[in-house]
Amino acid sequence: MAQFYLTTTLPYINSEPHLGFALEIVRADALARAHRLAGDNVFFNTGVDEHGLKVWRKAQGLGLETQAYCDKLAASFNDLKKLLDLSYDNFIRTTDQHHQAAAQEFWRRCLASGDIYKQHYSVKYCVGCEMEKTDSELENGHCPLHPDQDLELIDEENYFFRLSKYQNQLLKLYDSQPDFVVPANRLKEIRNFVANGLQDFSISRLVSKLPWGVAVPDDPEQVMYVWFDALVNYISAIGWPDKPEKFNQWWPAVQIAGKDNLRPQALMWQAMLMSAGLPASRQIFIDGFITAGGQKMSKSLGNVISPVELVEKFGADVVRYYLLAEINDRDDGDYTDERFMEVYQADLANGLGNLFSRLGNLAWKNGLNPLAPKIGQLYTKVIQSVENWQFNQAVGYIWQVYRQIDKKLTEQQPWKLETAAAQKSLQPLVEDLVDAAYCLQIFLPTTAKTILNFFSQPITGKPKPLFPRFDQFNNNFKK
RNA sequence: CGCGGGGUAGAGCAGUUGGCAGCUCGCCAGGCCCAUAACCUGGAGGUCGUCGGUUCGAAUCCGACCCCCGCAACCA
């Protein structure tokens, strides 16, 4: 039995869950389910990243204890499990004691490797934005959003990580493993970036400036900045460092991350692992972004789509279907209400939903015997596609089968036949539907279970609609 | 000469290694009536951003240009 360790990135909890993260975790969930179905032993990790200035400020703004705020938001992220029907095994929080201890131990290892050093760190800071600004972000030496205000120059001592030391090792890693980052163009992107030279990066902040973080070992004035804290979750989640047998059972991980996370995951984290003397990740899959009507989702544009609201309106499987089948798995994808409804109506209501009604009804009327799913060619194709992160294709294979069944049903017209002949005609069609439902478990677990249950026992009545037409609950869908 | 992704039928998109241009929705016509006014068949509709090149043959390779969208290293 193969061991398969899969982890998402940890979303930052300065705001409610984003549709982009829903995409990431639903894809991860599909992959985890595919591996379980194939008989692998799976550990699926997710969680939340809770430290940092933004979280601290957010809590202050709400008049909450920081930890209380974190507890609240962590719970709202963990709610996604039920909402989106996710199957993860572990939900890690970076405020977990165990994780903090692991982050500190990781720091010590890198320090022992000579890769952590202290240095002056100077940065321009926009008081208006309350954010650090790089020169490339400035216009005429001022923040473009607050041109009237002078930038503050912050000059402090921080710890740095010697990233520059790992350029060659990183290149070697990329070259030795052509599928280390998927899609391939992302590997190319990160390789080019590394080949152009690397600069060390700062990995701590003054406690006085960032009061909410993991303490730097043996330096009460500094806390870790995000990298040495959050990234370490991938190994602290599986027992590093105090449970080596568990760690060795699972590591290295397959990781999934948004394209904004290419560098942290495929570059910084890998170099950090090298420094700590640990094996590199197994593979990193990079998601595109979801745009809303072709534009980037942003609060200022007011076009942010909430995954929670979508699920509350349509249910987990509908949202999962849109994310897995419709959002391009190699590039950015788009969301519009119109497209969402179109996909719902065409593929789910008129497609699978109606087919299930047709076949279920005919099977009931003709007293078809119970059927169990078989593993066939479809299964092989679907599993293979999912393992290659080709979710669109995998779901497409299943829908091809549905179209086939609809077509055969129309051709054979079993409703005109007498019982024995009808049964003979229906049997292979229901078999196809049930076999496809077996594969569908990976993507739409609830729907698949309904279909499998219906045909696995003596049929006692008409099937209930899987996906009602929009006309019938149109008023539920409002902008 | 900063980096990357795009520009294919009215709309949304597929088109791995160059070989008659596809899918879904919408539209038109027919069929069916088991089913969620659903399903099936056929049809109309495209100078594949522009210009040039390579080739027997290019949406696909090469070059130039135009337009759109992200990102521009500590902003998770």
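Quick note on labels: first sequence line is chain A, next is B, and so on, each numbered from 1.
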Contact list (N/O, under 3.5 angstrom) for nucleotides 28-33 of chain B vs protein:
from  : atom 1 : to       : atom 2 : distance (Å)
B:C33 : OP1    : A:Lys416 : NZ     : 3.1

Can you tabulate the close N/O pairs, meaning under 3.5 Å, that link protein atoms to atoms of nucleotides 2-5 of chain B?
from : atom 1 : to       : atom 2 : distance (Å)
B:G5 : O2'    : A:Asp331 : OD1    : 3.4
B:G5 : O2'    : A:Asp331 : OD2    : 3.0

| query | Which part of the nucleic acid does A:Leu355 contact within heavy-atom distance under 4.0 Å: base, sugar-phosphate only, or nothing? | reply | nothing
| query | Which part of the nucleic acid, if any, lies within contact of A:Leu359, taking any heavy atom under 4.0 Å across all strands shown: a base, the sugar-phosphate backbone alone, or nothing? | reply | nothing
| Looking only at atom P, what distance separates B:A73 and B:A11, rounded to whole Å? | 37 Å
| query | Can you tell which of B:A73, B:U24, B:C34 lies closest to the side chain of A:Leu362? | reply | B:C34
| said: I'd like to check the salt bridge (Lys or Arg N to Asp or Glu O under 4.0 Å) partners of A:Asp200; sequence neighbours left out, ordered by chain and number. | reply: none
| Tell me, what's RNA chain B's dot-bracket, Watson-Crick or G-U with both distances under 3.5 Å, | for other-strand, [ ] crossing? | .((((((..((((.....[..)))).(((((.......))))).....(((((..]....))))))))))).....
| request: Using the P atom on both, measure B:G15 against B:G7 and round to a whole Å. | output: 10 Å
| field | Integer angstrom distance from the P of B:G22 to that of B:G4 | value | 33 Å
| query | Between B:A38, B:A76, B:C74, which one does the side chain of A:Val226 approach most closely? | reply | B:A76
| Residues in ring pair (Phe, Tyr, Trp, His ring centres under 6.0 Å) with A:Phe106, at least two apart? | A:Phe228, A:Trp240, A:Trp269
| query | From the list B:A76, B:C25, B:A73, which nucleotide is the closest neighbour of the side chain of A:Gln199? | reply | B:A73
| field | Minimum-distance nucleotide (side-chain atoms of A:Asp49 versus B:C25, B:A76, B:A38) | value | B:A76
| request: With P as the reference atom in both, quote the distance from B:U36 to B:G31 in angstrom, rounded to an integer. | output: 23 Å
| query | At under 4.0 Å between heavy atoms, what does A:Ala346 touch on the DNA or RNA strands: base, sugar-phosphate, or nothing? | reply | sugar-phosphate
| remark: Here the side-chain hydrogen bond (donor to acceptor under 3.5 Å, both in side chains) pairs for residues 395-409 of chain A, sequence neighbours left out, are A:Arg358-A:Asp406
| task | Mind running side-chain hydrogen bond (donor to acceptor under 3.5 Å, both in side chains) on A:Gln104 and A:Gln100 for me, showing each step along the way? | result | CA-CA 6 Å; A:Gln104 289 173 328; A:Gln100 299 205 39; 5.9 Å; no
| said: At 4.0 Å (heavy atoms only), tell me whether A:Phe193 reaches a base, stays on the sugar-phosphate, or touches nothing. | reply: base
| query | Would the A:Tyr322 and A:Phe314 ring centres measure less than 6.0 Å apart? | reply | no
| What residues form a salt bridge (Lys or Arg N to Asp or Glu O under 4.0 Å) with A:Asp334, not counting sequence neighbours? | none
| field | Any residue meeting salt bridge (Lys or Arg N to Asp or Glu O under 4.0 Å) with A:Arg162, in chain and number order, not counting sequence neighbours | value | none
| message | With rounding to the closest Å, how many angstrom separate the C1' atoms on B:C20 and B:G6? | response | 28 Å
Got a list of side-chain donor-acceptor pairs under 3.5 Å for residues 412-426 of chain A, not counting sequence neighbours?
from     : atom 1 : to       : atom 2 : distance (Å)
A:Gln412 : OE1    : A:Ser425 : OG     : 2.7
A:Gln413 : OE1    : A:Lys416 : NZ     : 3.1
A:Gln423 : NE2    : A:Asn366 : O      : 2.7
A:Gln423 : NE2    : A:Gly367 : O      : 3.4

| said: Quick test of your reading: applying salt bridge (Lys or Arg N to Asp or Glu O under 4.0 Å), list the pairs with at least one residue in residues 259-268 of chain A, sequence neighbours left out, ordered by first then second residue. | reply: A:Lys259-A:Asp332
| task | Quick one: list whatever passes ring pair (Phe, Tyr, Trp, His ring centres under 6.0 Å) with A:His51, sequence neighbours left out. | result | A:Trp212
| message | Please pick, from B:A38, B:A35, B:A76, the nucleotide with the shortest atom-to-atom distance to any side-chain atom of A:Asn350. | response | B:A38
| request: Go through the structure and list residues passing side-chain contact (heavy atoms from CB on, under 4.5 Å) with A:Asp71, not counting sequence neighbours. | output: A:Gln67, A:Arg93
| Positive for ring pair (Phe, Tyr, Trp, His ring centres under 6.0 Å) with A:Phe161, one of A:Trp107, A:Phe201, A:Tyr117 | A:Phe201
| Closest nucleotide among B:C34, B:A37, B:C74 to the A:Asn361 side chain | B:C34
| task | State plainly whether the residues A:Lys165 and A:Asp115 are in salt-bridge range, i.e. N to O under 4.0 Å. | result | yes
| Proximity to the side chain of A:Pro465 - top-ranked nucleotide from B:U36, B:A76, B:C25 | B:U36
| Spacing of the C1' atoms in B:C40 and B:A35 (rounded, Å) | 13 Å
| message | From C-beta outward on A:Arg339, which listed nucleotide comes closest to its side chain: B:U24, B:C40, B:A76? | response | B:U24
| task | For the side chain of A:Lys407, starting at C-beta, report the closest nucleotide among B:C39, B:A37, B:C40. | result | B:C40
| field | Whole-angstrom distance between B:A21 and B:G2, as gauged at atom C1' | value | 37 Å
| side-chain N/O A:Arg358 vs B:A38 OP1/OP2, d < 4.0 Å | no
| message | What's the gap between B:C62 and B:C25 when it is taken at their P atoms, as a whole Å value? | response | 35 Å
